[in-house]
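Structure first, then comments.
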Amino acid sequence: MPVQELPKTYEPKAVEDKWYSLWEKAGLFHADADADRRPYCIVIPPPNVTGSLHMGHALNATLQDILIRWRRMSGDNTLWVPGTDHAGIATQNVVERQLAGQNTDRHQLGRERFIEKVWEWKKEYGGKIISQLKKLGASCDWQRERFTMDEGLSRAVREVFVRLYEEGLIYRGERLINWCPRCHTALSDIEVEHEEEKGKLYYIAYPLSHDANIRLTVATTRPETMLGDTAVAVHPLDPRYKDLIGRTVSLPLTDRKIPIIGDSILVDLEFGTGAVKVTPAHDFNDYEAGMRQSPPLPRIKMLDDKGGVLSDIPDVHADVLKQIAGRPAKKARGVIAEILHKRGLLIKTEEHNHSIGKCYRCKTVVEPYLSPQWFVKTAPLAQPAIEAVEKGRITFIPRGWENTYFEWMRNIKDWCISRQIWWGHRIPAWYCGRCGGITVSREDVKTCRACGGEEVRQETDVLDTWFSSALWPFSTLGWPEKTKELALYYPTSVLITAFDIIFFWVARMIMMGLHFMGEIPFRHVYIHAIVRDAEGQKMSKSKGNVIDPLVMIERYGADAFRFTLAAFAAQGRDIKLATERIEGYRNFANKIWNAGRFVFMNIENDFSPNSKLITPDSSLADRWMASRLQAAIKDVEAALAEYRFNDAASSLYHFIWHEYCDWYLELSKPALSLGKDAPGRKAAQTVLVRTLETFLRLLHPIMPFITEEIWQRIPEQARGGSGYIMASPFPVPDDRLIDYDAEQDMQMVMDAILAIRNIRGEMNIPPTQHVNAIIKVEDKKLAEHLEQNSGYIKTLARAKDIRIGTDEKKPHASATAVIKGAELFVPLEGLIDLAAERDRLRKEIARLSKDIEMFSKKLSNKDFLERAPKAVVEKDTMKLDELKAMREKLERNLKMLG
RNA sequence: GGGCGAUUAGCUCAGUGGGAGAGCACUGCCUUCACACGGCAGGGGUCGCAGGUUCAAACCCUGCAUCGCCCACCA
C-alpha cells in the first residue's frame, strides 16, 4: 500500500488476528527441546476450564507474554506451557446447574453418565479461555497445551498419591472437617472464607444434676448445637466454678447428663459467663477440647450432610426433635431458643458479631462436620519448602510476600485432600469387602492386596483440585517420564501469579516439586496485583462492575490494553483500572503509527540506510538521537530484568513520544528537505528509520501487534531481513553511540527553543507570527555552536531572524530568558501588550524572591555547609546564583519596558 | 487479637535521604504539509495528622487517624 493511502489512525482490528495466525503458522510459539540455547520456561497458572478471561487473567498472561517474548528475542530457548485446570467443584457446579435447567440432576444420571456430561461440557466450552488468550497475543506453545485431567497428568497424580501413601505422608481418618452442605463435600481450611456477621449470643441455663436449683449459665451463638453437647467446660482456676469440675449437668431438652470439665485452652475467663458448652462433633475448638480429655469426650452428631437436624439424635426428647428434625441448622436455632425461652432456661440474648465460614465456591455457610477423609501430612513437606525460600533458592518479588509465605508454612496444618464430588481425580484406593483392608495402587486393582479377596470397591471420593495443580510445573513437562523437556526446562524460570493463591498453589508446588523432583519448581515468584474496578471494588458479576478484557481489546486494541496493564503492574496489591488510561495508551499506539507514516513518507520504497548509524555527515540531532536510543535500550532491558514492567513501559512511552516524536522528527525536517542526494539527508533518513526499527523491537514484547505491522512496512534493507519482528533480536545497546557531547550540545539548542516558545506562549504570540531573537553568549565557542545550529532554533521556535554574539545588547522592550551560558532576548514591540507584560514580570520577580530567600537561608547554615556533600552544596550555590541572576535580569527587563 | 499494605495534583498512580513527578482531566493559543487519538504553552499539591532522628525528610523512627486486605479457635 502506498504510504499516502495508509489511514491516519491505527486500526488494531485490521491487523491483530492476521499477525497472530501468521506467527502461529510459522511455528514461532513452539519451543524446540533439542535446541542448544539457554532454557527459559514459564508454566501458566492454569485458568479454570469454566472461566472466561477476566482482568486478572489478562494481567497475568500479559506479564508472562512480555517476559517470554523478551527472552525469546534475546535468544533464549523459551517455552511457555499453557493449559487449563479441571476445577473440580466449580466445574461440577456449572454442569449441575445446566442439568437443573433440563429438569434432571446428577443422581438421576449416575456417576459415569454425569462425568461423561462434564467431558462433553468441557469439549464444548472449555476452550473459550484459550481462544481469549490468543486474542490478547499470548505466545504460548499451544502444541504443548495440557489439562489437569488429561492422561499424562492423571498418571502423575496417581504416582504422587501412591508414593506419598507409601511414605506415610497420606493417611485416612475420621476428623472434623469443613463441610459445604450445598456442594456436599469436604473443603480444606483455605477453601473457607470468613465473614463478619451480626448474630446473637444466647445465655442458656444448664441445671446441675445433683441440685436443679443451681444452674450453670453458658453463652453460645448456636443454641441448636446444644443437642450435641457432651460436656460443659470451665477454667480450672476460675473461683466461680472450679469446685464444680467433675460434677455433671442435666442437658436441657435431653435425658443426657454431661460432665463439667476443666480446660484452660478452650475457656476464656473474660468472655461470656466463663462456662462453655462443648459440642465436639460440630465445633473445631470443642473437638480439640474433647480430644484433650481422657478418655476423649464422646462426639454426638446432630446434623446430617445437608446441614439439617438429624431425626434420631440420642437422648433428645421426642417432642423437641419433632419440631426441628430435617430443618436447616439456622431454622432450628430459632425454634430451640423459643423452647428454651418458654421453659425459662433462656436467661438473655445479646447482639454479637462473629465471623462465619463460607464455601469459597458457592458462599454457603460451612459446617464443621465429622467424617472420614484423606489427608496429606504436610509438616515434613513444608520444612524443605521453607528452607528453599529462606536460603534464597526461590525469591519472591516483591520480597515482602515471603513473610506471608513463611507465616502460613510455619503454621501449616494437614491438608484435607478428599472431596465428596464426582468430577476430579478419583482417589486410587480400593476397600476390601472381605477383610476391610485398603489397597492403594497406580493401576486399577481387582483383588485386595491384603487378603486376595475380590470384593474390592474403589474409593468414591476424588482429590482436591489443587492436588493436581501442585504438580503442574513438572507434570506438564512429562513427569513421571524422564522427558527431555523435563531435563531442559525444570526448574522453570519464573512463576507469575497473584497473591491470593500463594497458599492454594505456590506453597504446594514448592513442596511437591522439592519432594518429587528434588529441586525447586521455579527460581522467582513474581506476585502481581489483583485488578479491581475504578472504585476499588472487587469485580464481580453481581455488582455489575466487571470490565471485560475482550471489550477493551475490541475497543482499544490488544496492544493498548497490554501496555496499560504493564504500566499498572507496579502496584503491590490492587489495580484500580480506569478505562481512560487505556484510551491514553490507545492514543500512544496511534502516535507510533503516525511516526511510522512520517518515516515512510520521507524515505524511498527501496531505501537502504548507511551501514553505520552515525557518519561524518550526521547532524547534531542525529548524534543526539542515536545516543538517546542507547539509553532507552539500557533502561528497558534493566527494567525487564528486574520485573519492573511499569518502568519499562514508561521509558518506552517517554522515549518514543517525547524524544523521538516531539523532538527528533521535528529536528530532522530541515535535513529531510535537502536535495535528494544530499549526504545530510541520507544520514537523517538512516537515523530516522533505524531508530524506528530499533524501538519497535524494543516495544514488541509489550505491544506485539502494532510493532509487527509497522516493522513489516520498513524496507527490508533497513530492518535486516524479511522475517518477523517477533523472531528478530532484542536491541542491544552500543556504547560507541553514546555521545554525551551531543546530548549536552543538543540540550543547549533545546533550551533556546524552549525559551523562545515559552516567551511566545506567555505573550500569546500566535504560531503563525514569526519573532526575532537575540542571544548574548558568554564566549565565542558557544556563539559558534549556536550559530551552527540556529537552523533548528528557527524551525522549531518559528524565529525569522536570530542574532548571536558575545556583545549583543538587550533591545528595548523585549522579553528575556536565561539559559545556560547565555541570555536570550525576544523583542516585543509591535507584538504584544506591554502593560500586561509588566504585570507578569512583577509577579515573576516576587516568586523568585521567595525562592532566593529559601536558598539563602539554607546556604548560610553552618552545619549544612560543613556536613552536606560538596556536590550538593555546589549545586545549591549555583542554583542560588542562577536565581539571583535571573531576578536581576527580570528587574532590568521591567525597567526597560518602562 | 496478630500481620501486611495504602494515604502524593480534580481523578488514577509513579517516586525510599539533597531540585515534588507522569497519564488523564483543566486553561489559553493553533486544523502549520506524521498524528485533533494532534501541537505549543500554562495553572494546580502543607506529599493523611502529630512528634522525633538529621545540616537536610514525601522518603528513616514513634504514635495517631482513615481505608483496604490477609491470618487467627474468642464460645
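A note on names: the letters A, B, ... follow the listed sequences, proteins ahead of strands, and every chain is numbered from 1. Keep in mind the model is a prediction, meaning the values are calculated, not measured.
- Rounded to an integer number of Å, the gap from E193(A) CD to C71(B) P is 8 Å.
- Side-chain N/O atoms of E666(A) and Y792(A) include no donor and acceptor closer than 3.5 Å.
- Between Q769(A) atom CD and A41(B) atom P there is a gap of 18 Å when expressed in whole angstrom units.
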Practice task
Output, in order, the C-alpha distance, side-chain angles, deciding distance and verdict of salt bridge (charged side-chain N to carboxylate O under 4.0 Å, His left out) for E224(A) and R222(A).
Solution key: CA-CA 6 Å; E224(A) 77 281 9; R222(A) 300 194 59 187; 3.1 Å; yes
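- The side chain of K413(A) contributes an N or O atom lying less than 4.0 Å from OP1 or OP2 of C73(B).
- Judged by a 6.0 Å distance limit and a 45° cone about the ring axis, R581(A) is positioned over the six-membered ring of F568(A).
- A straight line from OH of Y202(A) to P of C74(B) spans 19 Å, rounded to a whole angstrom.
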Practice task
Could you please spell out the steps behind the side-chain contact (heavy atoms from CB on, under 4.5 Å) verdict for H235(A) and R240(A)?
Solution key: CA-CA 9 Å; H235(A) 199 282; R240(A) 293 172 291 180; over 6 Å; no
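- Distance, I412(A) CD1 to A72(B) P: 12 Å, rounded to whole Å.
- The pairing partner recorded for C40(B) is G28(B), the criterion being a Watson-Crick or G-U wobble arrangement whose two distances lie under 3.5 angstrom.
- Under the Watson-Crick or G-U wobble criterion, with both distances below 3.5 Å, G23(B) is paired with C11(B).
- For the C1' atoms, the distance from U46(B) to C4(B) is 29 Å, rounded to whole Å.
- U62(B) is paired with A50(B) under the criterion used here, namely a Watson-Crick or G-U wobble arrangement in which both key atom distances are under 3.5 Å.
- Nucleotide C69(B) forms a pair with G3(B), judged by Watson-Crick or G-U wobble geometry with both contacts under 3.5 Å.
- Salt-bridge check for K820(A) with D751(A): failed, with every basic side-chain N at 4.0 Å or more from each acidic carboxylate O.
- The nucleotide G18(B) finds its pairing partner in C55(B), both defining distances of the Watson-Crick or G-U wobble pair being shorter than 3.5 Å.
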Provide a list of protein-nucleic acid N or O atom pairs under 3.5 angstrom, restricted to nucleotides 31-38 of chain B.
residue : atom : partner : partner atom : Å
A34(B)  : O2'  : N594(A) : OD1          : 2.8
A34(B)  : O2'  : R597(A) : NH1          : 2.8
A34(B)  : N6   : C661(A) : O            : 3.4
A34(B)  : N6   : E666(A) : OE2          : 3.4
A34(B)  : N3   : N594(A) : O            : 3.2
C35(B)  : OP1  : K8(A)   : NZ           : 3.1
C35(B)  : O4'  : N594(A) : OD1          : 3.0
C35(B)  : O4'  : N594(A) : ND2          : 3.4
C35(B)  : O2'  : N590(A) : ND2          : 3.3
C35(B)  : O2'  : N594(A) : ND2          : 3.3
C35(B)  : O2   : K591(A) : NZ           : 3.0
C35(B)  : N3   : K591(A) : NZ           : 2.9
C37(B)  : O4'  : N587(A) : OD1          : 2.9
C37(B)  : O2'  : N590(A) : ND2          : 3.0
C37(B)  : O2   : R586(A) : NE           : 2.9
C37(B)  : O2   : N587(A) : OD1          : 3.3
G38(B)  : OP1  : N587(A) : ND2          : 3.2
G38(B)  : O3'  : K591(A) : NZ           : 3.0

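- If you take CD of E288(A) and P of A75(B), they are 17 Å apart, rounded to a whole angstrom.
- Taking the ring centroids of Y556(A) and Y585(A), they lie at or beyond the 6.0 Å cut-off.
- Note on H352(A): a side-chain N or O is less than 4.0 Å away from OP1 or OP2 of A75(B).
- Residue L269(A) contributes atom CG, which lies 13 Å from atom C1' of A75(B) at whole-angstrom precision.
- Here the separation of G1(B) from G63(B), taken at their P atoms, is 16 Å to the nearest Å.
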Handout entry: Chi angles and distances behind the ring pair (Phe, Tyr, Trp, His ring centres under 6.0 Å) call for W593(A), Y10(A)
Key = CA-CA 6 Å; W593(A) 177 252; Y10(A) 173 61; 5.4 Å; yes
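- Across the C1' atoms, C24(B) and G19(B) are found 26 Å apart, a figure rounded to whole Å.
- Straight-line distance between the C1' atoms of A14(B) and G28(B): roughly 28 Å, to the nearest whole Å.
- Both D268(A) and H658(A) lie near RNA chain B, and the one whose nearest nucleotide falls closer to the 5' end is H658(A).
- When the shell of 6.0 Å around NZ of K200(A) is examined, it contains 12 or fewer heavy atoms from other residues, nucleotides or ligands.
- For the OP1/OP2 pair of G1(B) and a distance below 4.0 Å, the side-chain nitrogens and oxygens of H354(A) include no atom meeting the criterion.
- In this entry the distance linking CZ of R760(A) with P of A41(B) reads 11 Å, nearest Å.
- The nearest whole Å value for the distance from the CG atom in N758(A) to the C1' atom in G28(B) is 14 Å.
- Annotation: of the two residues near RNA chain B, E270(A) and D189(A), the 5′-most nearest-nucleotide partner is D189(A).
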